[in-house]
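Below is one structure, written out as structure tokens; comments come after it.
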Amino acid sequence: MGKSARVLFLLAVLAAAVYGGYRMLSGGRGFMPPQETVPVSVATSLAQDVPHYLQGVGTVTPSADVLVTSRVAGELISLHFTEGQRVNAGDLLAQIDPRPFEAALAQAKGTLARDEAELANSRKDAARYAKLAAKDYVARQTYDTQVASVRQLEGTVAADKAAVRTAELDLVYSRITAPISGRLGLRNVDPGTLITANDSTGIVRITEVTPCYVVFPLPEINVPLITQALYGQDEKPSVEAWSRDQKECLAVGQLLTIDNTIDTATGTVKLKAVFANESERLFPNEFVNARLRVRMLRNAVTVPPAAVQISASGNYIFVIDENDTARMRSVKVGLATGAVTLIDEGLKDGERVVVDGVDRLKDGKKVRIAATVETVRLGDRPSPLATEKSPVLLSKDAADAQEPASARPGADAPASR
């Protein structure tokens, strides 16, 4: 036997001795390497009531919006408001110099008094001419002329009375009052300004935002759902107004009406919602995200959106069984709210599903739960942007407790004595 052959023979004997020693220590069982496990994050499916929302970008419009202007021309001598102040209808806002209007009113009253005196005298003359004409002391034509003079003066007096009323109105209009209740904006003029009647600039603008409206469009495909929600129940459907970043709900109102036509250029229909807005958090011409609740889906099974996977054959999820084994399961997906996804078929309440680590999984693969994720409860009315809550990492002891015994190295070996 050559030297190389002896070396190979000794190595074979050594390997056989090592293998025989391991079998003696392991009680005669064969060598089985530890099975590899995949760390995953899981969530528990949750059955809950899910509101179905339709969302569109809307514009806040005040319930009343008036530009206060002067109805007469003159010098503005005083302002009786503070910018941003809330006023009631009839409150004094500004005063135009009333002296020209007082003088015009006095002149109109004087003209009226003069013409009334002439009318009274003409009526007396007509009465005297009537007696004389009856006895043929004066010509009939003279009497008719006097009667015509009375009627002419009656018309003059009527015009004078109208002139007096006009002068009185001009004097009243020199006191500019609030036509509606609301909040004032920034003033456009200062005392001492010579203003004209019906100036397009105006003095100040008044807007009423309690209540206010939000007008927003939605795709025409949603019209059946909207009309069913609006006319198919006793209560008007609720509408939420969210901030532009969709992190805060500014106000909650009700759907008032839907437009009677669809805009063919955009394929949308306009809706109008009313908000009490007592806190005035909604501001005129502000853009908000309007969320209309059209229906409530009762006791629907929900999971975090990350749990649902897409393949060529449809949607599927990985469900973790009681042996910490991943099982691929086809599901039928329903409404997706952004916070949760509804599973119409294929999943029950309380089952564990994988939300992270799916890329390393296949059907029948052992897993190790490294973190848990809580399915969002929609009763808390989360932000429209809310998704699954942040994962909670398990401690080392908890992770070891979750790991199956067969996956830990040396689990099958007896304790050394």
Side-chain angles (χ1 to χ4, degrees), residues 56-102 105 165-217 236 239-244 248-257 259 270-290:
V57 178
T59 305
V60 179
T61 60
S63 56
D65 183 12
V66 175
L67 178 64
V68 179
T69 59
S70 175
R71 301 179 69 172
V72 294
E75 180 186 356
L76 184 65
I77 60 175
S78 61
L79 293 174
H80 299 271
F81 65 88
T82 303
E83 294 170 318
Q85 172 187 350
R86 184 167 185 84
V87 297
N88 296 319
D91 289 350
L92 179 63
L93 300 179
Q95 177 68 63
I96 296 177
D97 187 1
R99 292 173 296 179
F101 308 107
E102 292 172 349
L105 177 58
R165 287 195 294 270
T166 300
E168 290 174 343
L169 281 176
D170 289 343
L171 182 59
V172 170
Y173 292 154
S174 67
R175 298 179 75 257
I176 302 174
T177 58
I180 62 170
S181 299
R183 189 167 299 281
L184 299 175
L186 303 180
R187 72 186 188 204
N188 299 323
V189 294
D190 296 316
T193 304
L194 184 63
I195 60 178
T196 58
N198 301 319
D199 184 10
S200 60
T201 303
I203 298 174
V204 69
R205 181 175 292 277
I206 304 177
T207 57
E208 179 59 272
V209 294
T210 53
C212 67
Y213 304 109
V214 172
V215 179
F216 59 100
K236 294 292 184 69
V239 179
E240 300 173 0
W242 287 77
S243 58
R244 291 292 299 274
E248 183 180 10
C249 182
L250 303 177
V252 178
Q254 289 183 326
L255 182 63
L256 187 63
T257 186
D259 201 359
K270 288 184 178 180
L271 291 87
K272 189 174 187 179
V274 59
F275 293 80
N277 200 30
E278 292 92 349
S279 60
E280 299 189 14
R281 301 192 67 187
L282 298 179
F283 206 76
N285 296 332
E286 177 185 9
F287 288 104
V288 295
N289 290 287

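In this text, all values refer to a predicted model and were calculated from it rather than measured experimentally.
- A distance of 5.0 Å separates CG of L186 from CD of E83, quoted to the nearest 0.5 Å.
- For residues 277-289, the set of pairs meeting the side chain to side chain donor-acceptor pair (under 3.5 Å) definition, not counting sequence neighbours, comprises R183-E280, E248-R281.
- Side-chain N or O atoms of D199 include none that pairs as donor or acceptor with a backbone N or O of T196 at under 3.5 Å.
- Rounding to the nearest 0.5 Å gives a distance of 13.5 Å between CZ of R165 and CG of D170.
- Contact detail for P179 and V66: the closest heavy-atom pair is CG-CG1, 3.7 Å.
- The two residues P284 and T207 have their closest heavy-atom pair at CG-OG1, 4.3 Å.
- The shortest heavy-atom contact between L282 and A251 is CD1-CB, 4.0 Å.
- Distance CG/L256 to CG/L271: 10.0 Å, rounded to 0.5 Å.
- Proximity of L184 to V68: side-chain heavy atoms (C-beta onward) are nowhere separated by under 4.5 Å.
- Of the N and O atoms on the side chains of T210 and E208, at least one donor lies less than 3.5 Å from an acceptor on the other residue.
- Pairing each heavy atom of P100 with each of D97, the nearest pair is CD-O, 3.5 Å.
- Considering CG of L171 and OG1 of T166, their distance stands at 12.5 Å, rounded to 0.5 Å.
- What you find for N188 and G202 is that their closest heavy atoms are CB-O, 3.3 Å.
- Looking at heavy atoms from C-beta onward, S70 lies out of side-chain contact with Y173 at the 4.5 angstrom threshold.
- With a 4.5 Å cut-off on side-chain heavy atoms, I96 and I176 count as touching.
- Between F275 and P211, the closest side-chain pair of non-hydrogen atoms is not below 4.5 Å.
- Here the closest heavy-atom approach between residue A94 and residue L76 is recorded as CB-CD1, 3.6 Å.
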**Report entry** Check against side-chain contact (heavy atoms from CB on, under 4.5 Å), F216 and T59
**Finding:** CA-CA 7 Å; F216 59 100; T59 305; over 6 Å; no
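- Between W242 and L250, the closest side-chain pair of non-hydrogen atoms is not below 4.5 Å.
- Within the 4.5 Å cutoff, the side chain of V204 has no heavy atoms near those of the L79 side chain.
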Report task. Given side-chain contact (heavy atoms from CB on, under 4.5 Å), test V214 with V288 step by step and report yes or no. Result -> CA-CA 8 Å; V214 172; V288 295; 3.9 Å; yes
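- Between the CD1 atom in I203 and the CZ atom in F81 there is a gap of 7.5 Å [rounded to 0.5 Å].
- Rounding to the nearest 0.5 Å places CD of E168 at 5.5 Å from CG of L105.
- Two residues are said to be in side-chain contact when any heavy atoms from C-beta on lie closer than 4.5 Å; V87 and L93 meet this criterion.
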